[in-house]
Amino acid sequence: MSYLGVGVSPGNVPVYHGSNVKVIDSRVKVAELVLRCVICVLGILAAVLIGTDTQVREIFTIRKKAKFTDMKALVFLVIANGLAAAYSLVQVLRCVLSMIRGTVLFSKPLAWAIFSGDQVMAYLSLSAVAASAQSAVFAKLGQPELQWMKTCTLYEKFCNQVGEGVASAVLASLSMVVLSAISAFSLFRLYGDSKGKSSGGW
């Protein structure tokens, strides 16, 4: 009998078939490759939209230029998305080479390295998005209790482009969360395979 690609012996001992492992691994690789490409594109898009965003307003004969460096949260977001895009690009190359060679991920140290890197990037992206979203709310709505004015009423174009960049960053961070789950599956599957093989030997 077999269920979800796992053979079951009469003694209810799971036996893992190498062909099924390769099928699962190939599907995981495709999903991973797509997600990493999406993260790379969205990360670059978010960094470019925010990093190149400027607007000049003249207030009482004083010219004031709004740029992303005026808000530390936006600087953090640009750096985080740049790092996420660069990291994803490196991982995309790794995935492509692995698919070309037709190799299956059986190295636990490499799986741990990928899992740890994905976790760090996911937390970094989420924290950057959370910080920038809070700053964006203050810029959009202000804070009357602290006498903080609505900045976006003065720099509407700047705020709109920042909003587009933050939206791209949100999608990239959510993709990183899903990718972290996939890398966790790839890692702990190796331990499941080892247990299945050791159990099948008794």
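Just so you know, residue 1 is the first one in the sequence shown, and it goes up from there.
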| request: Given side-chain contact (heavy atoms from CB on, under 4.5 Å), test Asn81 with Ser125 step by step and report yes or no. | output: CA-CA 7 Å; Asn81 278 273; Ser125 299; 5.8 Å; no
Within one Ile-Leu-Val-Met-Phe-Trp-Tyr cluster: [X] and [Y], side-chain cutoff 4.5 Å:
X      : Y      : answer
Leu126 : Val178 : no
Val41  : Leu33  : no
Leu89  : Met176 : no
Val48  : Leu45  : no
Leu171 : Val34  : yes

| Passing option when Asp118 is tested against Ser186, Ser180, Ser183 for side-chain hydrogen bond (donor to acceptor under 3.5 Å, both in side chains) | Ser183
| Heavy atoms of other groups near Tyr123 OH, more than 12 under 6.0 Å | no
| query | Just wondering, more than 12 heavy atoms not from Lys72 lying within 6.0 Å of its NZ? | reply | no
| query | Side-chain donor-acceptor pair under 3.5 Å between Ser98 and Lys29, yes or no? | reply | yes
| request: Could you give me the CA-CA distance, side-chain angles and deciding distance for Tyr87 and Cys40, then say whether side-chain contact (heavy atoms from CB on, under 4.5 Å) is met? | output: CA-CA 8 Å; Tyr87 171 78; Cys40 185; over 6 Å; no
| query | How far apart are the C-alpha atoms of Gln161 and Thr52, what are their side-chain angles, what is the distance that settles it, and do they pass the side-chain contact (heavy atoms from CB on, under 4.5 Å) test? | reply | CA-CA 9 Å; Gln161 188 165 326; Thr52 60; 3.7 Å; yes
Closest heavy-atom contact between [X] and [Y]?
X      : Y     : answer
Phe68  : Ile50 : CB-O, 3.4 Å
Ile39  : Ser88 : CG2-OG, 3.2 Å
Gly165 : Ala46 : O-CB, 3.4 Å

If you round to the nearest 0.5 Å, how far is [atom2] of [Y] from [atom1] of [X]?
X      : Y      : atom1 : atom2 : value
Leu42  : Cys37  : CG    : SG    : 11.0 Å
Ile79  : Leu74  : CD1   : CG    : 11.0 Å
Trp112 : Phe188 : CH2   : CZ    : 4.5 Å
Met121 : Leu179 : CE    : CG    : 11.5 Å
Leu49  : Leu77  : CG    : CG    : 10.5 Å
Arg36  : Gln91  : CZ    : CD    : 4.5 Å

| message | By the definition side chain to side chain contact (heavy atoms under 4.5 Å, CB included), identify the one residue from Glu164, Lys157, Lys67 that meets it with Asp53. | response | Lys157
| task | For Ser132 and Val129, indicate whether the former's side chain and the latter's backbone hold a donor-acceptor pair under 3.5 Å. | result | yes
| query | Between the main-chain N or O of Ala66 and the side-chain N or O of Gln55, is there a donor-acceptor pair closer than 3.5 Å? | reply | no
| said: Assess the residue pair Lys65 and Asp70 against the criterion (side-chain contact (heavy atoms from CB on, under 4.5 Å)); give the C-alpha distance rounded to whole Å, side-chain angles, the decisive distance to 0.1 Å, and a yes or no. | reply: CA-CA 9 Å; Lys65 183 178 182 180; Asp70 295 332; over 6 Å; no
| query | Any salt bridge between Glu32 and Arg94, counting N to O under 4.0 Å? | reply | yes
